[in-house]
Enquirer: 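Okay, here's the structure, questions in a sec.
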Amino acid sequence: MAPTARRLHELLEPICLVTFFADECNEELAALGHRTYWDGYFASRAAPLGRVPAQVVHAAFYSFADGEAARHIPSAWETIPPEASVAARERGSAASLRRILGAELAHSPGLARAADLTTKAATSAPTEGRVMYAGMRTLPVPGDPVARLWHSATMLREHRGDGHVAALVGARIGGTEAHVLSALEQGIHPPESFGRIHHLPEERLAAVMDGLRERVLVDADGRFTDAGRETKRRIEALTDELAAPPYDALSPAELDELVAELEPITATLVAAGSR
């Protein structure tokens, strides 16, 4: 099932990315009173966990540097209830999908069927060890097909993310180190210029790179060694394997149908850059 999980990830990810790339979600969160993009991001994504402290959000999100979660949690919830942020994220994301897909595709039987099958998969996996996924499972599934497709795709994204964190922990790769490996995999050099980490203090980035060199995962020039490339490959392979359980709920025919129904949706979103 690992190749299936990878294929479904590729098809569902552009649906989830409207939350981060398109304007509507940020506008909904700003209208609530969130001062910055990142206030809204942390408040709305962490809200399914409840009013947990920043240390818990930092642990669950995993990839952010020390102190980044604490700049937004719990202050982002002091005047805006977490439930309001979650609702705003759903409204904005669904509005983005409707705009990008257009009325014909957004209201098509194929999208409704894709939403049903995605929801069947997304609500069928065990929650043990899946903190972010378990949090999403506590939220009601929307009735509207577009919102339901986004919601269930996002549940599956968080499920995969929990598994990815487990794979990283097993490989002893920290959050910032994971971004370095991802940057190198994408051909970004120097990896410290990667958008997710370039803002971090130079001394922090230097320490991360030194640690990777000591473990012979990157070379003196900050590029992959064979060991580093193999480590990244193992992490991704395990992530795919751990992402497979939700799709056990679908028959082979249903999996084929889901892929077929998602392909035109994904193609439209990719062409628009999920914006």
Enquirer: So do L255 and V259 actually touch side chain to side chain, heavy atoms under 4.5 Å?
Expert: no

Enquirer: Would you please name every residue forming a ring pair (Phe, Tyr, Trp, His ring centres under 6.0 Å) with Y37, sequence neighbours left out?
Expert: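 So Y37 forms no ring pair (Phe, Tyr, Trp, His ring centres under 6.0 Å) with any residue.
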
Enquirer: With rounding to the nearest 0.5 Å, note down the distance linking CZ in F21 to CG in L269.
Expert: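 Output value for this atom pair is 12.0 Å.
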
Enquirer: List the residues meeting ring pair (Phe, Tyr, Trp, His ring centres under 6.0 Å) with Y133, not counting sequence neighbours, and say none if there are none.
Expert: H159

Enquirer: Mind running side chain to side chain contact (heavy atoms under 4.5 Å, CB included) on Y62 and V169 for me, showing each step along the way?
Expert: CA-CA 10 Å; Y62 194 75; V169 171; 3.8 Å; yes

Enquirer: Residues in side-chain hydrogen bond (donor to acceptor under 3.5 Å, both in side chains) with R45, at least two apart?
Expert: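 By the side-chain hydrogen bond (donor to acceptor under 3.5 Å, both in side chains) rule, R45 matches Y41, E158.
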
Enquirer: Is there a continuous path of hydrophobic side-chain contacts, each under 4.5 Å between heavy atoms, that joins Y247 to L242?
Expert: no

Enquirer: Any chance the side chains of S193 and H198 put a donor and an acceptor closer than 3.5 Å?
Expert: no

Enquirer: Kindly give the heavy-atom pair with the smallest separation between R137 and A122, and that separation in Å.
Expert: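 Where R137 meets A122 most closely, the heavy atoms are CD-O, 3.7 Å.
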
Enquirer: Which pair of non-hydrogen atoms, one from D144 and one from R98, has the smallest distance, and what is that distance?
Expert: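 Looking at all heavy atoms of both residues, the closest pair is OD2-NH2, 2.8 Å.
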
Enquirer: Determine whether a donor-acceptor pair (N or O, by modelled atom type, separation under 3.5 Å) exists between the side chain of H179 and the backbone of F194.
Expert: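 Pair absent, no side-chain N/O of H179 close to backbone of F194.
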
Enquirer: Using the salt bridge (Lys or Arg N to Asp or Glu O under 4.0 Å) rule, take K120 and E254 through it: C-alpha gap first, then chi angles, then the decisive distance, then the call.
Expert: CA-CA 10 Å; K120 183 178 179 180; E254 287 175 323; 3.1 Å; yes

Enquirer: Are side-chain heavy atoms of I235 and H164 found at a separation under 4.5 Å?
Expert: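 Side chain of I235 against side chain of H164, heavy atoms only: contact under 4.5 Å found.
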
Enquirer: Looking only at heavy atoms, what is the nearest atom pair of L32 and A88, with distance?
Expert: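 In terms of heavy atoms, the two residues are closest at CD1-CB, 3.7 Å.
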
Enquirer: Would you call V131 and V56 a side-chain contact if the rule is heavy atoms closer than 4.5 Å?
Expert: no

Enquirer: Would you call E28-R89 a salt bridge at under 4.0 Å N-O?
Expert: no

Enquirer: Are E236 and R6 within salt-bridge range, i.e. N to O under 4.0 Å?
Expert: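 Result for this pair is yes, salt bridge flagged.
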
Enquirer: Mind checking whether M155 and L12 sit in one hydrophobic cluster, side chains of I, L, V, M, F, W, Y counted as touching below 4.5 Å?
Expert: no

Enquirer: Nearest 0.5 Å, please: how far is CD1 in I197 from CD in E177?
Expert: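 Atom-to-atom, E177:CD and I197:CD1 are 10.5 Å apart.
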
Enquirer: Please round to the nearest 0.5 Å and tell me the distance separating atom CE of M132 and atom CE of M136.
Expert: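 Between M132 CE and M136 CE, I get 8.0 Å after rounding to 0.5 Å.
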
Enquirer: Holding to side-chain hydrogen bond (donor to acceptor under 3.5 Å, both in side chains), I want the full list of residues that pass it with S182, two or more places apart in sequence or in another chain.
Expert: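 Applying side-chain hydrogen bond (donor to acceptor under 3.5 Å, both in side chains) to S182 gives K232.
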
Enquirer: How long is the straight-line distance from CD of E24 back to CZ of R275, given to the nearest 0.5 Å?
Expert: 12.0 Å

Enquirer: In terms of side-chain geometry, is the basic nitrogen of D219 or R223 positioned less than 4.0 Å from the acidic oxygen of its partner?
Expert: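 Looking at R223 together with D219, the answer is no, because their closest N to O distance does not fall below 4.0 Å.
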
Enquirer: Please lay out, stage by stage, how V52 and L49 fare under the test side chain to side chain contact (heavy atoms under 4.5 Å, CB included).
Expert: CA-CA 7 Å; V52 296; L49 301 178; 4.1 Å; yes

Enquirer: Distance from S75 atom OG to I80 atom CD1, nearest 0.5 Å?
Expert: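 One finds 9.5 Å between OG of S75 and CD1 of I80.
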
Enquirer: Mind listing the closest non-hydrogen atom pair of A171 and R215 along with its distance?
Expert: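 Nearest heavy atoms, A171 then R215: O-NH2, 3.0 Å.
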
Enquirer: Do you know which two heavy atoms are closest between E128 and P126, and how far apart they sit?
Expert: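 E128 and P126 have their closest heavy atoms at OE1-CB, 3.3 Å.
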
Enquirer: Judged by atom type as modelled, is there a donor-acceptor pair below 3.5 Å linking the side chain of R148 to the main-chain atoms of G143?
Expert: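 Such a contact is found between R148 side chain and G143 backbone.
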
Enquirer: Would a 4.5 Å heavy-atom cut-off, applied to side chains only, mark I265 and L149 as touching?
Expert: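 A side-chain contact exists here, since the closest heavy-atom pair is under 4.5 Å.
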
Enquirer: Got a sec: does the CZ of R51 have more than 12 other heavy atoms crowding it under 6.0 Å?
Expert: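 Check passes, neighbour count above 12.
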
Enquirer: Check D240 with R160, please: is the shortest side-chain N to carboxylate O separation under 4.0 Å?
Expert: yes

Enquirer: Could you tell me if the side chain of V86 sits less than 4.5 Å from the side chain of P48, heavy atoms only?
Expert: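 Yes, side chains in contact.
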
Enquirer: Take a 6.0 Å sphere around CG of D221 and say whether it holds more than 12 heavy atoms from other residues, nucleotides or ligands.
Expert: yes

Enquirer: Can you confirm whether more than 12 heavy atoms, excluding those of E104, are under 6.0 Å from its CD atom?
Expert: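 Incorrect, the count does not exceed 12.
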
Enquirer: Is there a path of hydrophobic side-chain contacts, each under 4.5 Å between heavy atoms of I/L/V/M/F/W/Y residues, joining L262 to I100?
Expert: yes

Enquirer: Who pairs with H72 by ring pair (Phe, Tyr, Trp, His ring centres under 6.0 Å), at least two apart in sequence or on another chain?
Expert: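 For H72, the residues satisfying ring pair (Phe, Tyr, Trp, His ring centres under 6.0 Å) (neighbours in sequence not counted) are F42.
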
Enquirer: Hey, are the side chains of M209 and V218 touching, using non-hydrogen atoms and a 4.5 Å cut-off?
Expert: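 M209 reaches V218 side chain to side chain.
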
Enquirer: For the pair E68 (side chain) and A65 (backbone), establish whether a donor and an acceptor sit closer than 3.5 Å, ignoring hydrogens and angles.
Expert: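 Side chain of E68 to backbone of A65, a donor-acceptor pair under 3.5 Å: yes, one is there.
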
Enquirer: Can a donor-acceptor pair be found, under 3.5 Å and without considering hydrogens, that links the side chain of T127 to the backbone of R130?
Expert: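 Judged by distance alone, no pair lies under 3.5 Å.
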
Enquirer: If we ignore hydrogens and angles and just use 3.5 Å, is the side chain of R204 paired with the main-chain N or O of T176 as donor and acceptor?
Expert: no

Enquirer: Sequence neighbours left out, what pairs pass side chain to side chain donor-acceptor pair (under 3.5 Å) with at least one residue falling in residues 255-268?
Expert: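 For residues 255-268, and leaving out neighbouring residues, the side chain to side chain donor-acceptor pair (under 3.5 Å) pairs sorted by first residue read R7-E263, R113-E257.
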
Enquirer: Would you say L168 ends up clustered with V216 if hydrophobic residues are merged whenever their side chains have heavy atoms under 4.5 Å apart, either directly or through other cluster members?
Expert: no

Enquirer: Is there a donor in the side chain of W150 and an acceptor in the side chain of T19, or the other way round, less than 3.5 Å apart?
Expert: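 W150 vs T19: donor-acceptor pair found between side chains.
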
Enquirer: Ignoring hydrogens and angles, tell me if any N or O in the side chain of H107 forms a donor-acceptor pair with the backbone of A103 under 3.5 Å.
Expert: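 Checked: pair present.
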
Enquirer: Judged by atom type as modelled, is there a donor-acceptor pair below 3.5 Å linking the side chain of S274 to the main-chain atoms of P14?
Expert: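 It does hold such a pair.
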
Enquirer: Does some side-chain heavy atom of V180 sit less than 4.5 Å from a side-chain heavy atom of L217?
Expert: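 Result no, sub-4.5 Å side-chain heavy-atom pair not found.
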
Enquirer: Determine whether S44 and L29 satisfy the following criterion, side chain to side chain contact (heavy atoms under 4.5 Å, CB included), listing intermediate values before the conclusion.
Expert: CA-CA 8 Å; S44 62; L29 290 165; 4.0 Å; yes

Enquirer: Give the minimum heavy-atom separation between P140 and H151, together with the two atoms involved.
Expert: O-CE1, 3.7 Å

Enquirer: Quick check on side chain to side chain donor-acceptor pair (under 3.5 Å): which of T119, T118, D116, T123 does S152 satisfy it with?
Expert: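 Exactly one candidate clears the test, T119.
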
Enquirer: Quick one: pull up CG in L184 and NE2 in H189 and give me the separation to the nearest 0.5 Å.
Expert: 7.0 Å

Enquirer: Would you check, one step at a time, whether the test side chain to side chain contact (heavy atoms under 4.5 Å, CB included) holds for L8 with L156?
Expert: CA-CA 10 Å; L8 267 299; L156 289 169; over 6 Å; no

